[in-house]
Participant: 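The structure's right below; bear with me while I get my questions together.
Below, chain A is the first sequence line, B the second, and so on; all start at residue 1.
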Protein chains: 2
Amino acid sequence: MSKATYTDPVGVNDATLHYLDVIYRLTQQSDAANTTEIAEKLGVTPSGASVMLRRLAERKLVQLTPYKGATLTPEGRRLALRTIRRHRLLEMFLHQVMGFAWHEVDDHAHALETAITEPIEDRMDEMLGYPTRCPHGHLIPRKDGTLPKVKDVPILSLAPGMRSVIRCVDTDNSDWLKYLGEQGLKPGAKVTLKGVAPYGGPVTIETSDGDVAIGQNLAELIYVEPE
Amino acid sequence: MSKATYTDPVGVNDATLHYLDVIYRLTQQSDAANTTEIAEKLGVTPSGASVMLRRLAERKLVQLTPYKGATLTPEGRRLALRTIRRHRLLEMFLHQVMGFAWHEVDDHAHALETAITEPIEDRMDEMLGYPTRCPHGHLIPRKDGTLPKVKDVPILSLAPGMRSVIRCVDTDNSDWLKYLGEQGLKPGAKVTLKGVAPYGGPVTIETSDGDVAIGQNLAELIYVEPE
DNA sequence: TTGACTTTTTAGGCTCGGCTAAATTACAAT
DNA sequence: ATTGTAATTTAGCCGAGCCTAAAAAGTCAA
Ligand SMILES: [Mn+2]
Ligand SMILES: [Mn+2]
Ligand SMILES: [Mn+2]
Ligand SMILES: [Mn+2]
């Protein structure tokens with residue numbers, strides 16, 4: 001029973017990768033990820049996260065300013081982007097090659113994202129024709145850690161009547177994805193924003209199958225590229 | 001970041017599954033697996049294995065007779081067979097669907113065997129047409145824990161001149177597999193044992209591409225079905 | 001039966017990633 | 001400037017899965 005042949009440098013295990021992944025996402029929105037937010041996303045206590053963050057800082061994977069928050073070091077970001085790349089490639093593979101529905105792939109991809117080897121990552125990429133986005137439209141980081149440039153905008157930022165193509169549906173919620181998919185609202189769909197009812201009312205969107213009306217909370221998840 | 005949705009009852013983790021897997025294999029050959037053998041296969045010390053075995057016994061996954069050895073309980077065997085099934089299905093998937101060579105798949109399958117979810121297991125099975133063997137010819141346990149009946153015999157047990165079909169090449173050694181594959185000696189190949197030189201000399205086998213001579217140690221790995 | 005030798009278990013300790021409870025620091029409002 | 005509250009860290013603990021060293025149990029031959 002041989003030891004992990006294709007595995008990473010010691011210490012780069014599941015827990016570590018999950019922390020780095022969460023910190024990466026949080027630092028996309030604000031400049032530093034604070035302990036409590038990280039703990040919430042990971043389902044651990046703030047004290048547990050605090051201790052773990054110190055360990056990650058000792059390993060030079062995060063830059064930690066006590067009482068302020070955490071950011072990733074270059075090595076930490078490299079590993080975070082690798083995990084995200086693998087997650088999104090897996091989602092694409094599960095969807096396109098294995099035939100899972102777009103609302104099913106997130107859970108399965110999480111189960112595999114820290115287990116796959118680099119040759120498998122590369123082979124999936126090749127089989128999929130080097131995709132730039134996951135089934136939900138999120139960008140797949142390249143192996144060098146760069147991200148494709150895109151011009152996605154929230155559909156709600158468009159003037160009513162403007163034609164556009166859906167590029168991303170920004171949620172992992174399986175139920176919402178299933179529903180939006182059934183309404184024809186998924187990446188690649190050509191849509192026109194018809195209007196937004198006042199006081200939080202429904203958003204009407206024209207699709208190739210007719211008009212659909214959805215809540216603003218769901219409409220906020222949809223990003224498009226204007227024609 | 002949700003908790004392991006598709007994961008098993010608590011405690012059925014990587015280490016546990018590896019122990020069960022090893023105990024299953026060892027109890028195929030003798031009636032009980034002894035501590036030192038288990039430790040060797042897993043690359044841990046006998047003392048470490050002894051402690052772990054006691055924990056597995058407490059969890060009713062193994063039946064432990066101190067100073068005698070371990071056997072699997074029905075639940076332990078169920079989990080062991082599940083891991084072996086997933087390993088061999090993965091090998092088949094990596095080979096047939098993803099195009100990896102037969103000598104490459106074992107390592108990658110080990111990396112994934114404890115990570116995949118049941119829907120992925122089922123979907124691979126379906127895509128592969130419910131295979132009964134891995135690329136090396138080992139039997140794939142069914143979901144109910146039963147194994148297909150076969151009539152494989154060692155090629156060296158055949159009378160010279162007897163025609164047969166290779167069914168299994170019983171090794172995980174990547175170099176040997178690569179070499180044997182290059183010689184045309186892999187499951188499905190029609191072969192005739194020509195002769196065995198005395199005093200550990202070469203074994204000559206006729207293949208569709210001509211005769212090949214290999215060492216007895218390699219020939220012992222080859223199992224066939226006589227015509 | 002008695003050693004001698006091998007196998008296995010026990011004792012004590014370590015790291016990792018969690019936990020709770022308590023202390024500390026930051027920050028916002030008076 | 002002081003005080004109260006919220007965020008964060010520290011202290012002390014735990015279990016899993018390993019380790020080494022030592023003790024105990026089994027085995028086998030004289
Ligand atoms: Mn996802
Ligand atoms: Mn996605
Ligand atoms: Mn294998
Ligand atoms: Mn195999």
Participant: Rounded to the nearest angstrom, tell me the gap between atom CD1 in B:Ile38 and atom C1' in D:dG17.
Facilitator: 15 Å
Participant: Starting at atom CG of B:Leu56, determine the distance to atom C1' of D:dC18, rounded to an integer number of angstrom.
Facilitator: 14 Å
Participant: Please report, rounded to the nearest Å, how far the P atom of D:dT8 is from the CG atom of A:Leu64.
Facilitator: 11 Å
Participant: How long is the line joining CE of A:Met52 and C1' of C:dT15, in whole Å?
Facilitator: 12 Å
Participant: If you assign B:Thr36 and A:Pro66 each to the DNA chain C nucleotide with the nearest heavy atom, which residue ends up on the more 5' nucleotide?
Facilitator: B:Thr36
Participant: Under 3.5 Å, is there a donor-acceptor pair between the B:Thr36 and B:Asn34 side chains?
Facilitator: no
Participant: Taking any heavy-atom pair under 4.0 Å as a contact, classify B:Thr45: base, sugar-phosphate, or nothing.
Facilitator: base
Participant: Phosphate oxygens OP1/OP2 of C:dC16: is one of them under 4.0 Å from a side-chain N or O of A:Asn13?
Facilitator: no
Participant: Minimum heavy-atom separation for B:Gly76 to B:Leu20, with atom names?
Facilitator: O-CD1, 4.0 Å
Participant: Looking at the side chain of A:Val44, which of C:dG18, D:dC18, C:dG17 is the nearest nucleotide?
Facilitator: C:dG18
Participant: Begin with the C-alpha distance, continue with both residues' side-chain angles, and end with the deciding distance and a verdict on side chain to side chain contact (heavy atoms under 4.5 Å, CB included) for A:Thr132 and A:His138.
Facilitator: CA-CA 8 Å; A:Thr132 58; A:His138 295 112; over 6 Å; no
Participant: Looking for any heavy atom pair under 4.0 Å, which part of the strands does A:Thr35 touch: base, sugar-phosphate only, or nothing?
Facilitator: sugar-phosphate
Participant: Would you say A:Ser47 places a side-chain N or O within less than 4.0 Å of OP1 or OP2 belonging to C:dA21?
Facilitator: no
Participant: Quick one: A:Arg59 CZ to C:dC16 C1', roughly how many Å, whole number?
Facilitator: 9 Å
Participant: Which atom pair, heavy atoms only, marks the closest approach of B:Pro187 to B:Val169?
Facilitator: CD-CG2, 4.1 Å
Participant: Return the 5'-most residue of the pair A:Arg55, A:Tyr67 with respect to DNA chain C, ranking by each residue's nearest nucleotide.
Facilitator: A:Arg55
Participant: For C:dC27, does either OP1 or OP2 sit under 4.0 Å from a side-chain N or O belonging to A:Lys68?
Facilitator: yes
Participant: Round to the nearest Å and state the distance from A:Arg54 atom CZ to C:dG18 atom C1'.
Facilitator: 14 Å
Participant: Just by distance, no angles: are the side chains of A:Asp170 and A:His136 close enough, under 3.5 Å, to form a donor-acceptor pair?
Facilitator: no
Participant: Take the protein atom CG of B:Asp14 and the nucleotide atom C1' of D:dA16, then report the distance between them rounded to whole Å.
Facilitator: 13 Å
